[in-house]
Amino acid sequence: MMIDIKEHAELSVLNHSCAHMMAQAVKRLYPNALFWVGPVVSEGFYYDIDLGDEVIKDDDLPKIEKEMKKIAKDGKRITRKEISKEEALEMFKDDLYKIDLISGLEDGTITCYQQGEFIDLCRGPHVETVKELKNFKLLKHSGAYWKGDSDNKVLQRIYGVCFPTAEELEEHLNLLEEAKKRDHKKLGRELDIFTMSEYAPGMPFFLPNGMIIRNQLENFWYEEHTKENYQFIKTPIMMSRELWEVSGHWDNYQENMYTTKVDDRDFAIKPMNCPGALLAYKAGLHSYKDLPLRVGELGQVHRHEASGALNGLFRVRTFTQDDAHIFMRPQQIEEEVMSLIQFIDRVYAIFGLTYRIELSTRPEKKYIGDLEIWEKSEAALAAACEHAGKTYKVNPGDGAFYGPKLDFHIKDSLGREWQCGTIQLDMNLPERFDLTYVESDGTKVRPVMLHRVIFGSIERFIGILIEHYAGHFPTWLAPQQVMVVPVHHEKHVEYAEKINALISANGYRSKLDARNEKLGYRIREAQLAKIPYQLVIGDGEQEQGTVTIRRAQSKESQTVTVEEFLAILSEEVKEKRL
RNA sequence: GCCGGAGUGGCUCAAUGGUAGAGCAAUUCACUCGUAACGAAUAGGUUGGGUGUUCGAUUCACCUCUCCGGCACCA
């Protein structure tokens with residue numbers, strides 16, 4: 001597993017010092033460079049730099065590395081200096097970035113660190129001398145908006161990583177290389193799971209293998225939700241402008257919506273399922289006795305995401321949300337959310353996925369609803385996490401304008417986190433659509449509503465699974481579960497066909513490879529296709545009514561009766577064994 | 001959308017200012033085979049698209065599309 005640099009105190013200091021050394025090297029190569037911040041992050045360090053009109057190109061990284069090696073070899077000590085805020089402002093008076101930083105600091109002493117000719121504002125701590133910074137690598141670079149604001153100037157950001165020894169660095173770089181082999185875009189192509197076309201940017205095409213995985217996930221989803229007392233609906237993919245005006249999307253989300261005009265009337269393809277779900281709710285009268293009402297929909301949405309945001313199956317322009325909207329009485333929130341957290345936890349465990357929860361609270365400026373309700377809702381979400389025994393990180397101000405939410409994040413092979421599950425309270429739509437239910441006293445009351453997904457998007461979830469399993473899907477999900485391989489393509493083909501037919505008749509996905517090729521060749525292909533079970537059939541098996549099993553990723557083989565093999569398959573699939 | 005990088009047969013990649021070459025895959029033939037590649041032959045590309053420079057562009061320039069790594073975005 002990839003190391004999280006930020007989580008290791010020593011590596012953190014080392015990487016931070018290395019960021020300074022990189023800045024020093026950049027300053028030598030670009031005398032006009034001005035520096036913004038250079039923090040340590042989980043992948044190492046970066047520094048944001050203003051190079052005036054110059055930009056960093058790929059070829060520049062080796063040059064900077066070379067200069068850094070020189071500095072490290074020179075071996076200057078890193079010394080700490082304390083100065084007053086006034087002195088700091090004077091010292092950096094020609095540097096608008098430093099002035100900006102210093103102005104934001106409290107009055108009192110400010111620390112600087114110096115090595116050779118280079119001095120930088122910094123809280124520290126740092127390593128003793130730059131001699132310790134010999135084993136580093138600059139990994140990538142990009143433009144990055146100053147202060148993360150797209151209205152600001154683009155600074156040059158350079159990422160790197162540093163380790164105490166050359167061996168650790170090399171091992172880390174190897175891990176990065178290995179991670180690339182698990183990339184779902186690469187495996188998705190190799191295993192014929194999905195494809196993309198420039199005629200539909202950001203919109204994946206699922207190939208037959210991908211459809212098997214998808215259908216398995218969807219069937220599983222329906223089964224589990226049926227157990228949890230969900231009902232299911234399917235709403236139209238396109239609805240008229242008036243609906244989106246009621247929901248607020250026409251005013252707030254229009255640039256992300258695909259719209260069309262038919263018979264002089266505006267329509268929009270749904271970017272979310274909720275408005276449709278609310279119309280379905282309004283199709284009838286609801287009693288407090290029916291609550292919580294759990295209504296699920298595997299709904300395909302379209303969003304015109306920024307071109308630069310697109311990324312394989314992780315970020316697409318059309319995807320299927322495993323959505324559900326839950327309508328309930330206010331006092332039911334905490335219990336409902338708690339059981340949802342456990343539901344999500346149970347589902348992720350089946351796939352062997354680990355995750356992290358974030359609680360996003362009320363945005364500072366733009367939000368709707370009472371402050372009191374917000375606070376109660378946030379408390380309910382937090383309490384639900386605690387009662388479910390889950391830790392969470394608070395993201396202050398990161399909630400949607402209509403309510404607080406819990407997000408479930410899962411890492412990809414490169415350690416990047418993607419939001420999958422989410423539980424969001426909504427104080428907006430029930431109001432806009434005037435939802436009601438009949439309370440015990442006969443009055444009409446506004447229900448509390450929450451949106452929730454578990455996979456998040458089936459597309460993204462499949463992307464995550466491809467990387468998580470490195471293409472080796474567990475048997476219950478594997479596009480093809482069994483490959484029957486007769487040793488001789490004529491002598492053993494009849495028995496092999498019988499075996500293949502029997503396995504298929506029992507509901508498993510089996511194929512016969514009776515091509516006129518060497519056994520080793522066909523085994524190799526089955527291994528590369530990551531088929532969980534290869535059954536070799538030769539004279540011995542034919543005579544005794546057995547099959548010889550070879551598992552994917554294994555060199556071992558084992559001979560069992562056909563019945564025994566079916567029992568193995570049955571148990572493995574039924575239990576969704578990993 | 002922004003910064004950088006990349007687009008060559010299904011896939012992985014090579015090459016050159018003078019109309020592209022390999023490996024894998026495919027097809028055919030031969031081999032008749034016990035656990036990760038037997039061999040041979042054949043076919044397959046208007047080098048993402050457009051414009052310009054040039055006697056000549058896949059190669060140079062510009063525009064555009066798509067993809068990748070980041071940034072921003074992520075109701």
Side-chain angles (χ1 to χ4, degrees), chain A residues 43 46 48 51 55-61 139-159 180 183 185-186 189-190 192 195-202 244 247-249 251-253 255-257 271-275 301 303-312 314-315 363 366 398-403 405 407 414 416 418-419 422 424 426 428-429 451 456-457 460 485-492 515-529 534-541 548-557 559:
Chain A
E43 54 210 305
Y46 71 76
D48 279 352
L51 293 180
V55 289
I56 296 289
K57 304 260 175 68
D58 287 2
D59 302 341
D60 297 325
L61 294 190
L139 297 170
K140 57 195 176 192
H141 63 92
S142 92
Y145 299 111
W146 183 41
K147 294 185 176 180
D149 185 338
S150 58
D151 290 333
N152 284 344
K153 180 170 186 178
V154 173
L155 304 180
Q156 300 300 308
R157 176 174 296 183
I158 306 174
Y159 287 88
K180 278 189 202 152
D183 186 323
K185 297 180 280 290
K186 176 177 147 68
R189 184 172 51 242
E190 288 172 2
D192 295 319
T195 188
M196 293 286 193
S197 162
E198 62 183 301
Y199 294 110
W244 304 108
S247 71
H249 289 88
D251 291 332
N252 297 312
Y253 202 64
E255 74 242 32
N256 275 333
M257 290 203 284
M272 281 149 220
N273 300 302
C274 359
V301 297
R303 300 179 185 175
H304 189 82
E305 302 288 1
S307 57
L310 303 179
N311 184 322
F314 286 157
R315 192 73 183 271
K366 199 182 158 198
D398 219 32
F401 76 89
Y402 53 74
K405 57 177 183 170
D407 292 333
L414 284 171
R416 297 177 294 198
W418 297 91
Q419 182 190 309
T422 175
Q424 310 191 350
D426 190 331
N428 182 40
L429 290 179
H451 313 252
S457 124
R460 176 178 288 181
V485 191
V487 172
H488 189 280
H489 74 107
E490 280 169 356
K491 230 163 94 185
H492 308 122
R515 285 179 301 168
N516 185 6
E517 296 286 353
K518 282 179 76 175
L519 179 61
Y521 179 84
R522 287 173 290 155
I523 291 288
R524 177 171 193 271
E525 293 219 326
Q527 288 282 352
L528 290 176
Q534 294 134 38
L535 299 189
V536 176
I537 307 285
D539 287 338
E541 290 80 2
T548 296
I549 306 172
R550 178 168 166 168
R551 290 230 50 172
Q553 286 183 295
S554 165
K555 291 194 192 309
E556 312 290 308
S557 56
T559 303

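Just so it is clear: chains get the letters A, B, ... in the order the sequence lines come, proteins before strands, and each one is counted from 1.
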Between [N] atom [atom2] and [X] atom [atom1], what is the distance in whole Å?
X         : N      : atom1 : atom2 : value
Phe314(A) : G70(B) : CZ    : P     : 11 Å
Arg524(A) : A25(B) : CZ    : C1'   : 11 Å
Lys518(A) : A37(B) : NZ    : P     : 8 Å
Leu155(A) : A72(B) : CG    : C1'   : 13 Å
Asn152(A) : C73(B) : CG    : C1'   : 15 Å
Asp192(A) : A25(B) : CG    : C1'   : 11 Å
Lys186(A) : C11(B) : NZ    : C1'   : 10 Å
Leu528(A) : U12(B) : CG    : P     : 15 Å

Integer angstrom distance from the [atom1] of [N] to that of [M]:
N      : M      : atom1 : result
G18(B) : A30(B) : C1'   : 41 Å
C62(B) : C3(B)  : P     : 15 Å
C74(B) : A14(B) : C1'   : 41 Å
U28(B) : G44(B) : C1'   : 15 Å
A40(B) : G48(B) : C1'   : 35 Å
A6(B)  : G49(B) : C1'   : 16 Å
U16(B) : U58(B) : P     : 16 Å
A20(B) : C13(B) : C1'   : 14 Å

Any base atoms under 4.0 Å from [X], or only sugar-phosphate, or nothing? Heavy atoms, all strands.
X         : value
Gly520(A) : sugar-phosphate
Ala400(A) : nothing
Lys405(A) : sugar-phosphate
Asn256(A) : nothing
Gly202(A) : sugar-phosphate
Tyr46(A)  : nothing
Gly540(A) : base
His451(A) : nothing
Thr548(A) : base

Taking the six-membered ring for Trp, are His451(A) and Tyr402(A) parallel (under 30°), tilted (30 to 60°) or perpendicular (over 60°)?
tilted
Should the pair [X]-[Y] be classified as a salt bridge under the 4.0 Å nitrogen-to-oxygen rule?
X         : Y         : result
Glu305(A) : Arg315(A) : yes
Lys185(A) : Asp183(A) : yes
Asp539(A) : Lys491(A) : yes
Glu43(A)  : Lys140(A) : yes

Check this one for me: any side-chain N or O of [X] less than 4.0 Å away from OP1 or OP2 of [N]?
X         : N      : value
Arg522(A) : G34(B) : no
Arg189(A) : U12(B) : yes
Tyr521(A) : A25(B) : yes
Lys185(A) : G69(B) : yes
Arg416(A) : G69(B) : yes

Could you tell me whether the side chain of Gln534(A) reaches within less than 4.5 Å of the side chain of Gln527(A), counting heavy atoms only?
yes
Within 45 degrees of the ring normal and closer than 6.0 Å to the centroid, is that where the cationic atom of Arg157(A) sits relative to Tyr46(A)?
yes
Output the distance between atom CZ (Arg550(A)) and atom OG1 (Thr559(A)), rounded to the nearest 0.5 Å.
13.0 Å
Quick one: list whatever passes salt bridge (Lys or Arg N to Asp or Glu O under 4.0 Å) with Arg189(A), sequence neighbours left out.
none
Nearest to the side chain of Arg515(A), heavy atoms from C-beta on, is which of U35(B), C38(B), A26(B)?
A26(B)
Can you identify which nucleotide, out of U12(B), C68(B), A36(B), has its nearest atom closest to the Asn311(A) side chain?
C68(B)
Between the base of [N] and the side chain of [X], is there any donor-acceptor pair under 3.5 Å?
X         : N      : value
Arg315(A) : C73(B) : yes
Glu255(A) : G1(B)  : no
Asn516(A) : C33(B) : yes

Parsed dot-bracket for RNA chain B after applying the Watson-Crick and G-U rules with both distances under 3.5 Å and | for other-strand partners is (((((((..((((....[..)))).((((.........)))).....(((((..]....))))))))))))....
Sidechain-backbone polar pair: Glu525(A) side chain, Arg522(A) backbone, donor-acceptor under 3.5 Å:
no
What is the per-nucleotide protein-contact pattern of nucleotides 2-9 of chain B, from the 5' end, where B denotes a base atom under 4.0 Å from a protein heavy atom, S denotes such proximity for sugar-phosphate atoms only, and - denotes neither?
BBSS----
